[in-house]
Structure formats: C-alpha cells, structure tokens
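From a predicted model like this one, the values you see are computed outputs, not experimental measurements.
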Amino acid sequence: EAWRLALVPALVGAATLPLLPPVGAGFVALALGILWFHRDPDREPPDADGIVVAPADGTVSVVREEGNRLRVGVFMNVTDVHVNRAPIAGEVREVRHRPGANRPAFSKESDRNEQVAIDFGEYELLVIAGWFARRIHPAVEPGDTVDRGERVCHVSFGSRADVILPPDVDEGDLLAREGDTVRAGETIIAERE
C-alpha cells in the first residue's frame, strides 16, 4: 500500500525536479513522507503471563465501561506508527467491516465512524477510521491464530484502535490511563489474574 501511494508523487517529483526544482522537491518530500508514515518497525512484546499490551502506538484517549467489559482506546496521531497488534494471543473468530461516518478519531462521535472489528472471542479489537483515514487493512482472517503483539491490521492516515477487554479484566487491573502514551505490542495496559 505504501509503495503504491508513494509512486505517483515520486514519479511527478522526479519528472519536475529538473524543470521546477521547488515543486519537484515538494513531490519527492511527499513521497518520502508517505513511506515514512507507513513504516512498520519490529516490536518485542514483554515475556510475561497474564498481560495485555497496547493495540496501537499513540495516546490513550478512551477508558470506559461498556456493560461488564472495559474499553481502552488509543488515538493514533499522524506521527505514530499505524500498524495495529494483538493485545492478547488468540484465535480470530470473525473480521467485520462496518461502514460509517468519518469524524475526527479523537472525538466522542468517532464511535459511529467506519470501522473493522476483529473478534477474538474473549476480546475484540476495533480499528476506527478518522476523518481522513479511509483505508483499514486487516492482516488476519477467521481461523488465524495470533500471538500477543503480532500484527493484525494497518490503517492509513490517522485513526483509533480500541480493545474491548475480556470480562475478567476490571478497573483495578488497568495500568493505562487517559493521556498515557503507549507503543503497540510493547506497553502493558492491563494485568490479568
């Protein structure tokens, strides 16, 4: 996806650089920015039992109860890595796409935005598109088994990733609070007993 998105500005930049250097440099910079935005660094999940790691890089923007479950949402800014990772090991039961609005991902109204839900049975990962992000790319299918911290999705250009935690995780188990900065697959957001 990154190479495909960067190809046009790279070609336009290469073609215009000799004729209009400032314009060509701008297109080349845009192509490099697209490639940088879509970076996918390796991550090393903590080796401990009973932990839940962050599903995304960014800032914890949502911590709330939903019925008998807790939801922890991470807002991904444009400078964050946009590869989402499994917070807990498990088997994918279902991958659902829900069309919707495209409000800013940090707003309360973003729950109605377009989203992809990856259902692991005991927990669910919701990747919510922002006002500019309209490309959510799941990397898993029903029946896939993933380890904690494994790549499960990528979303282009700003959004949010929420995890609906298993019922056995309560507020006392949370280590993440609204406003905390987290790294996908590495930052521990909860400890399960």
### Task
Kindly compute the distance separating OG1 (T145) from CZ (F120), expressed to the nearest 0.5 Å.
9.5 Å

### Query
Can you name the closest pair of heavy atoms from R93 and P142 and give their distance?
O-CB, 3.6 Å

### Query
Hey, is R151 close enough to D42 for a salt bridge, meaning N to O under 4.0 Å?
yes

### Task
May I have the step-by-step check of side-chain contact (heavy atoms from CB on, under 4.5 Å) for V92 and E141, ending in yes or no?
CA-CA 7 Å; V92 178; E141 297 177 354; over 6 Å; no

### Query
Okay, side chain of D57, backbone of A184: is any donor-acceptor separation there less than 3.5 Å?
yes

### Task
Output the distance between atom CD (E191) and atom CG (D173), rounded to the nearest 0.5 Å.
8.0 Å

### Message
Using side-chain heavy atoms (C-beta onward) and a distance below 4.5 Å, is R148 in contact with I88?
### Response
no

#### Entry: Pairwise side-chain contact, N77 with T59, heavy-atom cut-off 4.5 Å (strictly under)
no

### Query
In terms of hydrophobic clusters joined by side-chain contacts under 4.5 Å, are V155 and V60 together?
yes

### Task
May I ask you to test the R183-V74 pair for a side-chain heavy-atom distance under 4.5 Å?
no

### Query
So, do L126 and R71 sit near enough that their side-chain heavy atoms are less than 4.5 Å apart?
yes

### Message
Could you tell me if the side chain of Q115 sits less than 4.5 Å from the side chain of R160, heavy atoms only?
### Response
no

### Message
Minimum heavy-atom separation for V140 and V95, please, with both atom names.
### Response
O-CG2, 3.7 Å

### Task
Might you point out which heavy atoms bring A15 and P18 nearest each other, and give the distance in Å?
O-CD, 3.6 Å

### Task
Show which residues join I51 in its hydrophobic cluster (side-chain heavy-atom contacts under 4.5 Å, direct or indirect), or state none.
V53, L175, I188

### Message
Would you say that R69 contacts P167 through its side chain, given a criterion of any heavy-atom pair below 4.5 Å between the two side chains?
### Response
yes

## Note on the structure
Residues I164 and Y123: closest non-hydrogen pair is O-CB, 3.2 Å

### Query
Atom CG of D162 and atom CG of L70: how far apart are they, to the nearest 0.5 Å?
12.5 Å

### Query
Atom CE in M76, atom CD1 in I128: separation rounded to 0.5 Å?
9.0 Å

### Query
Under 4.5 Å between any side-chain heavy atoms of L165 and R192, yes or no?
no

### Summary
Residues C153 and I136: closest non-hydrogen pair is SG-CG2, 3.6 Å

#### Entry: side-chain contact (heavy atoms from CB on, under 4.5 Å) evaluation trace for I189 with V163
CA-CA 10 Å; I189 61 170; V163 58; 4.0 Å; yes

### Query
Is there a path of hydrophobic side-chain contacts, each under 4.5 Å between heavy atoms of I, L, V, M, F, W or Y residues, that connects L17 with L35?
no

### Message
Please report the interatomic distance CD(E65) to CG(D170), rounded to the nearest 0.5 Å.
### Response
9.0 Å

#### Entry: Under 3.5 Å: donor-acceptor pair, side chain of H82, backbone of D80
yes

### Message
Do V23 and V12 sit in one hydrophobic cluster, given that two such residues count as connected whenever their side-chain heavy atoms are within less than 4.5 Å of each other, even indirectly?
### Response
yes

### Query
Do the side chains of R177 and V63 get nearer than 4.5 Å, heavy atoms only?
no

### Query
Closest approach of F27 and T16, non-hydrogen atoms and distance?
CD1-OG1, 4.5 Å

### Query
Roughly how far, to the nearest 0.5 Å, is the CD atom of E171 from the CZ atom of R64?
13.5 Å

